[in-house]
J.: 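The structure is given below, and queries will be raised subsequently.
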Amino acid sequence: MTEEKGKKKISILVFSTEKISDPAIDLAGLLKQHYPPEVDNISVPCSSGIKPVWIMHAFERGFDGVFIAADGTDCPFGETCSEKTAEIVSRTHELMKEKGIDPAKLRMAAICSVCSQAFVKLVKDLADYLDETS
Amino acid sequence: MTGQTDKLEYDVVVVGGGIAGQESALNMADSGLKVLLVEKDLSIGGKMIHLSKVFPTLDCGACITTPKVSETARHPNITIATNSEIGDIERLPDGSLRGVLIKHPRYVIEKDCTGGGDCEEACPVIVEDQFQYGMVGRKAAYVPFSIANPRVATIDIENCILCGACERACPADAIDFTQKIEKREVIAKAVIVATGFRLFDPSIIENYGLGRFRNVVTSMQMERQLVPTRPYNNVLRPKDGKVPDNIAYVLCTGSRDITLGNPICSQVCCMYSMKQGQLLLGALPMADVTIYYINIRAFGKGFEEFYQGTRDMGVEFVKAKVGTIEEKEDGDLILRYEDAQEGEVKEAEHDLVVLSVGMLSNPEAPMMFKGGALELDEFGYVRQVDMLSNPASTNIEGVFVAGTASGPMDIPDSIASAGAASAEALSFIKRKA
Amino acid sequence: MKSRIGVYICECGSNISDYVDVEKVKAAVEQEEGVVLAKITMFACADSTQQEIVQDIQEEKLDGMVVASCSPKLHLGTFRSVAERAGLNRYNYVQSNIREQASWAHSDKPAEATEKAIRNVKAAIARTRLSVAMTPSMIPSENTALVVGAGIAGMRVAIDLADTGSKVYLVEKDHFVGGRTAQWGELFPTGQTGTEVIEDLYREVGKRENINLYTGCEVVSKSGSMGNFEVQLRIDPRGIGSGDSTAVPADFEKRLTHAIDACPVVVADSFDFGLTERKALYLNPGGLPGLPAIDRAACTRCGECVKICPEIDLDQKEELLDIKAGSVIIASGFDPYEPKEGEFGYRQIDNVITMQQFRRLIEICGERLTFGGKEIKSIAWIFCVGSRQTGALEGDNKYCARYCCTSAIHSAVVAKKRFGDIQNYHFTRGVRTYGKYETIYEESSSLGDIYLQSFEDDPPVISSENGTTTVKINDILTEEKELEVEPDLVVLVTGMVPRAGSTIGSIMKAPAGLDGFFNEVHPKLKPVETVIDGIFLAGTSQGPKNITETAMSAHSSAIKTHTLISKGEIELEPTMAIVDRTICEWCGKCSEACPFDAIDEVKEDTKSVAVVNEAACKGCGMCLPVCPVNAVQLKGFMDSEIEAMIDAMSE
């Protein structure tokens with residue numbers, strides 16, 4: 001086993017949704033589409049129910065980045081989901097600025113239930129960004 | 001019938017406790033019907049419970065079956081009779097079906113046995129284990145396999161020497177050598193035949209040398225080497241225990257071969273061979289795997305993608321019919337085959353050859369019916385009389401067929417077929433009510 | 001706080017333990033606060049393990065339970081029921097997904113996969129500590145199903161459900177039922193015609209009073225959820241009477257025929273895939289119901305037909321119908337793949353047609369097989385057009401369309417038997433006549449059909465010069481390799497693709513898979529279910545199938561729907577929003593955010609507060625983040641639980 005010593009691994013918290021994006025993350029595993037193992041996941045019913053305080057809590061507890069794998073237009077609860085999730089992100093960006101956290105450390109994208117490749121690419125991109133800026 | 005006592009009454013009798021039988025039984029039971037599930041083996045679970053991982057998702061076979069087995073076993077509307085058969089099924093004038101349930105003795109009291117295995121330890125007799133396809137031994141007193149349901153011991157009376165060691169060892173006093181065959185009359189509104197398939201026995205193909213050449217194995221033997229409950233905990237070739245590094249798969253062994261009396265395709269061998277190829281490359285990263293095929297039948301949802309993935313992983317595909325297999329002194333094997341692309345006969349050396357055996361019909365299905373009343377198709381499978389609308393209907397009203405009893409099929413198709421059998425049976429019962 | 005938690009770490013055979021060091025996971029979590037027991041199991045879902053867990057819960061008086069195994073999408077229900085059998089509330093059980101999201105996702109990095117699994121299990125334990133027992137709510141459900149699509153799948157589902165006591169709305173977008181099967185002649189292997197199969201099903205539908213069939217009908221919108229969907233349907237006018245058969249005047253049919261003749265508008269007939277033309281007032285061959293319909297997109301309202309047949313009403317208006325249904329079955333079928341212009345000569349070379357066009361051609365051409373005035377004596381069949389598009393074949397359809405090999409060979413055999421003296425050349429990519437369908441391949445070979453197979457990266461090439469069409473192939477089975485055929489007709493064996501322009505998926509929120517067909521939850525565990533509770537799939541909407549397989553899928557869908565809706569009540573997850581009235585200072589934002597009108601203003605002694613209507617709340621949580629004073633929480637996803645999970649993961 002080759003362990004990289006010294007530099008701390010970048011950690012990312014993903015908020016996924018039970019019906020839509022979490023299945024895509026499962027699919028990434030099934031297809032062995034690898035992504036950084038320091039990506040943890042909490043699944044909630046809908047991305048427009050994620051509270052800014054949860055995201056801020058993750059940053060406070062040392063997560064380097066947060067990624068919201070949103071329902072997008074596939075949301076089973078209604079058409080307004082994308083808009084509402086975006087609203088949560090922009091409000092949290094404000095809170096992050098107040099605390100001196102780079103808003104680019106919080107990202108969101110709609111991840112459909114089979115969009116495993118998109119998920120892998122986006123969390124890798126975020127990890128790369130965090131790696132560069134850390 | 002011999003001095004019959006009380007008769008049993010159910011809405012439906014499902015014959016066969018494999019994946020199709022379980023799925024049918026659960027569908028009926030969830031609809032509120034009373035189901036008797038008859039299984040001739042010691043455990044329900046059929047062939048699927050013995051599989052390693054299953055295509056195209058590579059879920060483990062047990063991950064799909066064991067919870068179904070468990071759900072079937074504890075469903076309040078399902079009664080399970082293992083080690084049992086049903087015979088003499090006939091239609092009565094009132095439209096109901098009657099048969100005789102024959103329960104063979106286990107010589108173990110099922111309700112008292114805890115499956116602890118003390119009897120197994122005490123038993124001095126060692127025989128071949130049929131659940132490991134002859135690759136390892138077992139005792140004459142034994143629990144069939146680790147994830148069996150019911151997990152209850154049995155005495156293999158054929159091989160038992162009646163020494164009584166098991167009886168003395170059993171802490172639950174569950175051994176009972178006085179058990180006899182029990183026969184009960186059963187009445188049901190519908191019967192679902194889910195008796196599954198037989199595996200082709202390739203030892204009749206002399207040119208392939210199964211039995212003579214120890215490094216020629218069947219795909220089911222290989223399957224058992226790849227499962228978590230595997231006998232050797234590693235992939236080894238039988239002759240010398242060497243780890244193989246150049247493995248060949250011979251597809252269509254016993255299928256699409258009119259000279260063997262089986263002209264049809266078995267539907268699953270291409271896919272399971274590719275799956276085994278992928279698993280082998282996972283277990284033995286340095287090994288070469290070559291699949292000799294006539295046509296690749298990757299037709300189901302996600303199958304073509306699986307085929308492409310198998311090629312990308314490095315499994316070799318050679319379009320060829322293998323003619324003969326010969327053994328070298330060191331146990332390696334020489335395959336002679338006609339290469340379809342180059343149009344010439346070639347030879348290749350491998351250190352392990354897997355014969356991808358196909359499916360054959362189960363002759364037990366028609367034997368359950370009085371006077372052989374259940375019609376079969378030209379391949380010996382249960383005939384589907386309304387294939388395009390009601391594919392589970394048979395020539396006997398109230399009798400339906402599920403899974404591979406009606407023809408070769410993979411697991412997703414067997415489950416769909418069980419859906420058809422249970423839906424047709426349910427509609428039939430409701431229409432009559 | 002739960003303080004007697006049992007943790008089970010599953011090896012999943014070797015699926016998990018090959019990459020995740022389960023011993024290490026166990027060692028890392030067994031000292032966690034509240035954990036009294038940690039075990040490794042080979043198969044947590046096996047019956048013997050389930051019994052062991054039940055025993056542990058009872059003997060060790062466990063008040064919480066974690067199973068670290070596969071995705072909760074597979075076995076959450078399994079372990080919840082284990083908990084309940086032992087007398088533990090199912091919501092005190094938490095599943096940790098260390099297979100899809102640790103061992104498999106990070107099989108390239110076993111040490112890190114193990115660390116991730118440890119974090120994941122610790123988070124699950126933290127969540128379990130704070131979990132509270134909840135009771136699912138039971139709501140009355142409609143024993144009514146909406147079946148979308150009246151092809152063989154939809155009619156089959158409707159008949160089954162009607163027989164088992166449900167009310168069925170069967171809606172068909174076209175003015176005629178039967179879907180694709182209505183277009184086919186002789187079918188394999190029974191020899192029945194498509195029309196006969198459809199007639200049988202239509203007759204059976206008609207016999208059942210509890211089936212309401214609407215043709216020309218589309219789903220407009222859906223709200224509500226499992227057990228109580230509210231769906232709006234739009235019914236396009238047929239333009240002719242109401243089809244009341246008791247009042248049909250004697251000469252009605254004759255006048256209708258004349259009216260069709262009188263219609264001056266001519267359009268391509270999609271029933272014949274554009275091989276023929278029809279009028280704006282039309283009746284498909286064998287069309288059911290057997291009453292013509294007006295193609296409103298084409299009709300110029302000239303009134304010629306009305307002059308002959310006054311029963312025709314050009315002013316009929318579309319109707320909207322609101323219905324309630326406990327479940328919805330999507331049986332919307334497939335489209336044949338439409339080749340791009342120039343793909344294997346399609347629409348550039350005159351005598352290149354699709355297999356579906358060929359099926360219509362042999363039904364309409366009479367006693368001699370002719371195309372474009374020329375008698376057909378030889379046919380080249382080009383397989384896998386629009387399917388298995390890998391390597392040299394451009395396109396996104398990676399999948400095998402399953403039915404086309406058998407269907408093409410059967411079509412070739414039918415043509416040969418019906419018209420005699422036809423030479424078929426099959427340009428295949430490996431023939432996939434699986435199972436018993438092998439017999440048609442053998443039959444065609446014995447009738448003299450010739451099979452050629454192209455290399456994977458070298459598809460056949462079709463060209464045309466001076467009225468002669470040539471198909472060239474680099475055949476893998478012959479020594480000279482390069483072969484040429486000059487057929488009278490080229491048939492592109494086009495596969496199945498998802499229905500173009502169908503809105504049913506987006507209305508029902510049923511997700512599609514990578515192949516574009518609707519996705520089942522799991523091919524073996526839940527093959528006809530979608531991730532949206534109460535929405536089922538039947539037939540080719542889920543993926544390519546032949547007719548028998550479609551029937552099996554439809555029956556399966558029917559029995560799964562039956563077990564869901566026939567009980568009259570449905571269990572709903574208790575995940576619901578709750579408002580802390582001591583904090584709430586009614587501002588209305590949560591109510592605005594709620595898509596289900598589930599939050600109302602209630603006046604209390606000194607102030608107004610928000611109150612959640614539990615019967616309407618769907619538990620999405622949209623009301624949570626909008627509250628300016630953080631007074632709203634979601635049961636099962638409380639701030640304390642989420643934060644405890646984050647804390648456990650970041651330790």
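Convention: sequence-line order gives letters A, B, ...; per-chain numbering from 1.
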J.: Taking all heavy atoms of B:G419 and all of C:S556, pick out the closest pair and write down the distance.
T.: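 Here B:G419 and C:S556 meet closest at CA-OG, 3.3 Å.
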J.: Side chain from CB out, backbone as N, CA, C, O: work out which of these in C:T390 comes under 4.5 Å of a heavy atom of chain B, or both, or neither.
T.: side chain
J.: Quick one, B:P391 and C:H555 - any side-chain contact, counting heavy atoms below 4.5 Å?
T.: yes
J.: Of the listed residues (C:L161, C:T548, C:D200), which shares the most heavy-atom pairs with chain B below a 4.5 Å separation?
T.: C:T548
J.: What part of B:F55 is in contact with chain C, defined as an atom under 4.5 angstrom from a non-hydrogen atom: side chain, backbone, both or neither?
T.: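 Contact with chain C is through the backbone of B:F55 alone.
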J.: What are the two closest heavy atoms between C:P189 and B:L388, and how far apart are they?
T.: CD-CD2, 4.5 Å
J.: Examine distances only and state if a side-chain atom of C:H562 and a backbone atom of B:L426 form a donor-acceptor pair shorter than 3.5 Å.
T.: no
J.: Verify, without hydrogens or angle tests, whether B:K301 (side chain) and C:Q542 (backbone) share a donor-acceptor contact under 3.5 angstrom.
T.: yes
J.: How far apart are the C-alpha atoms of C:T439 and B:F379, what are their side-chain angles, what is the distance that settles it, and do they pass the side-chain contact (heavy atoms from CB on, under 4.5 Å) test?
T.: CA-CA 11 Å; C:T439 52; B:F379 313 109; 3.4 Å; yes
J.: Find the distance between CD1 (B:I415) and NZ (C:K526) and round it off to the nearest 0.5 Å.
T.: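 One gets 13.0 Å once the value is rounded to the nearest 0.5 Å.
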J.: Under a 4.5 Å cut-off applied to non-hydrogen side-chain atoms, are B:S389 and C:L201 in contact?
T.: yes
J.: Which bit of C:N546 comes within less than 4.5 Å of chain B, counting heavy atoms only: side chain, backbone, both or neither?
T.: neither
J.: What distance separates C:Q50 CD from B:S70 OG, expressed to the nearest 0.5 Å?
T.: 3.5 Å
J.: To the nearest 0.5 Å, tell me how far B:L279 CG sits from C:S14 OG.
T.: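 Separation between the atoms: 8.5 Å.
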J.: Check whether B:E344 gets within reach of chain C through its side chain, its backbone, both or neither, counting any heavy atom under 4.5 Å.
T.: neither
J.: Taking C:R432 for its side chain and B:I296 for its backbone only, find out whether a donor-acceptor pair lies under 3.5 Å.
T.: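 Here the side-chain-to-backbone pair exists.
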J.: Considering non-hydrogen atoms only, spot the tightest contact between C:P523 and B:P412 and give its length.
T.: O-CB, 4.0 Å
J.: Is any side-chain N of the basic residue among B:D377 and C:K436 closer than 4.0 Å to the acidic one's carboxylate O?
T.: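 So B:D377 pairs with C:K436 through a salt bridge.
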J.: Side chain from CB out, backbone as N, CA, C, O: work out which of these in B:T114 comes under 4.5 Å of a heavy atom of chain C, or both, or neither.
T.: neither
J.: Between C:T78 and B:P67 (side chain of the first, backbone of the second, donor and acceptor by atom type, cut-off under 3.5 Å), is there such a pair?
T.: no
J.: Tell me, side chain or backbone of B:Q384 under 4.5 Å from chain C's heavy atoms, or both, or neither?
T.: side chain
J.: What I want to find out is whether C:E438 reaches B:R297 closely enough, with some N-O distance under 4.0 Å, to be called a salt bridge.
T.: yes
J.: Could you work out, with side chain to side chain contact (heavy atoms under 4.5 Å, CB included) as the rule, every residue matching B:A340, not counting sequence neighbours?
T.: B:K319, C:L477
J.: Would you call B:E23-C:K560 a salt bridge at under 4.0 Å N-O?
T.: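 Judged by the 4.0 Å cut-off on N to carboxylate O distance, B:E23 and C:K560 do form a salt bridge.
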J.: Given heavy-atom pairs under 4.5 angstrom as the criterion, report whether the side chain, backbone, both or neither of B:L58 touches chain C.
T.: backbone
J.: Below 4.5 Å, heavy-atom pairs only: which of C:E549, C:R429, C:H522, C:E11 has the largest tally toward chain B?
T.: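 Most pairs with chain B among the choices: C:H522.
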J.: Could you tell me which portion of B:P56 (side chain, backbone, both or neither) has an atom closer than 4.5 angstrom to a non-hydrogen atom of chain C?
T.: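 B:P56 touches chain C through backbone and side-chain heavy atoms alike.
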J.: Go through the atoms of C:L187 and report whether side chain, backbone, both or neither lie under 4.5 Å from a heavy atom of chain B.
T.: side chain
J.: Just so I understand: if I count every heavy-atom pair under 4.5 Å between each of B:G358, B:A298, B:G115 and chain C, which residue has the most?
T.: B:A298
J.: May I ask you to check whether over 12 heavy atoms, not counting those of C:D396, lie within 6.0 Å of atom CG?
T.: no
J.: Name the region of B:V268, side chain, backbone, both or neither, that has any atom closer than 4.5 Å to a heavy atom of chain C.
T.: neither
J.: Using non-hydrogen atoms and a 4.5 Å limit, figure out which bit of C:T433 sits close to chain B: side chain, backbone, both or neither.
T.: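 Both parts, heavy atoms under 4.5 Å.
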J.: For the OH atom of C:Y399 and the CD atom of B:Q308, what is their distance to the nearest 0.5 Å?
T.: 15.0 Å
J.: Checking C:F188 against chain B: side chain, backbone, both or neither under 4.5 Å from a heavy atom?
T.: backbone
J.: With only heavy atoms counted, which part of B:N27 is less than 4.5 Å from chain C, the side chain, the backbone, both or neither?
T.: both
J.: Select one option (side chain, backbone, both, neither) describing which atoms of B:Y293 are under 4.5 Å from chain C's heavy atoms.
T.: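 B:Y293 has no heavy atom closer than 4.5 Å to chain C.
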J.: Is it the case that the side chain of B:S31 and the backbone of C:T563 share a donor-acceptor pair, with hydrogens and angles ignored and the cut-off at 3.5 Å?
T.: no
J.: Please classify the contact of C:R99 with chain B as side chain, backbone, both or neither, using a heavy-atom distance under 4.5 Å.
T.: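 It is the side chain, since no backbone atom gets that close.
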J.: Taking NZ, NE, NH1 and NH2 as the nitrogens, is one of them in B:K430 or C:D163 under 4.0 Å from a carboxylate oxygen of the other?
T.: no
J.: With a 4.0 Å cut-off, would you call C:R402 and B:D413 a salt bridge?
T.: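 A salt bridge links C:R402 with B:D413.
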J.: Going by heavy atoms in the side chains, are B:I19 and C:K524 under 4.5 Å from each other?
T.: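 B:I19 vs C:K524: side chains apart.
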J.: Below 4.5 Å, heavy-atom pairs only: which of B:K68, B:R431, B:E71, B:M359 has the largest tally toward chain C?
T.: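 Sorted descending by pairs with chain C, the first entry is B:R431.
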J.: Should C:T406 and B:F299 count as side-chain neighbours, where that means a heavy-atom distance under 4.5 Å?
T.: no
J.: What part of C:Y441 lies closer than 4.5 angstrom to a heavy atom of chain B: side chain, backbone, both or neither?
T.: side chain
J.: Hey, which of B:I429, B:I294, B:T66 has the most heavy atom pairs under 4.5 Å with chain C?
T.: B:T66
J.: Please look at C:I152 and chain B and tell me whether the side chain, the backbone, both or neither of the residue comes under 4.5 angstrom of a heavy atom of that chain.
T.: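 Looking at C:I152, nothing touches chain B.
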J.: Heavy-atom pairs under 4.5 Å with chain C: which of B:A433, B:A416, B:S255 has the most?
T.: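 Highest number of pairs under 4.5 Å: B:A416.
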J.: What residue, out of B:G407, B:P408, B:S417, has the most heavy-atom pairs lying under 4.5 Å from chain C?
T.: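 Option with the top pair count is B:S417.
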J.: Roughly how far apart are B:E304 CD and C:C384 SG, rounded to 0.5 Å?
T.: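 Answer rounded to 0.5 Å: 7.5 Å.
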J.: Against chain C, label B:F428 side chain, backbone, both or neither, depending on which of its atoms sit under 4.5 Å from a heavy atom there.
T.: neither
J.: What verdict does the side-chain contact (heavy atoms from CB on, under 4.5 Å) test give for B:I147 and C:M42, after you've listed the backbone C-alpha separation in whole Å, the side-chain angles of each residue and the deciding distance to 0.1 Å?
T.: CA-CA 10 Å; B:I147 47 177; C:M42 182 187 267; 5.9 Å; no
J.: Before accepting this row, confirm whether a basic side-chain N of the pair C:K398/B:E305 lies closer than 4.0 Å to the acidic partner's carboxylate O.
T.: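 Salt bridge flag = no for B:E305 with C:K398.
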J.: Quick one: does B:R74's side chain get under 4.5 Å of C:D47's, heavy atoms only?
T.: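 Yes; the side chains approach each other to less than 4.5 Å.
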J.: Rounded to the nearest 0.5 Å, what separates atom CG in B:N295 from atom OH in C:Y434?
T.: 14.5 Å
J.: Quick one: which of B:D386, B:I264, B:T57 has the most heavy-atom pairs under 4.5 Å with chain C, could you say?
T.: B:I264
J.: At their closest point, which heavy atom of B:D30 faces which heavy atom of C:K567, and how far apart are they?
T.: O-NZ, 3.3 Å
J.: Using a cut-off of under 4.5 Å for heavy-atom pairs, which of C:S107, C:G430, C:A46 has the most such pairs with chain B?
T.: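 Sorted descending by pairs with chain B, the first entry is C:A46.
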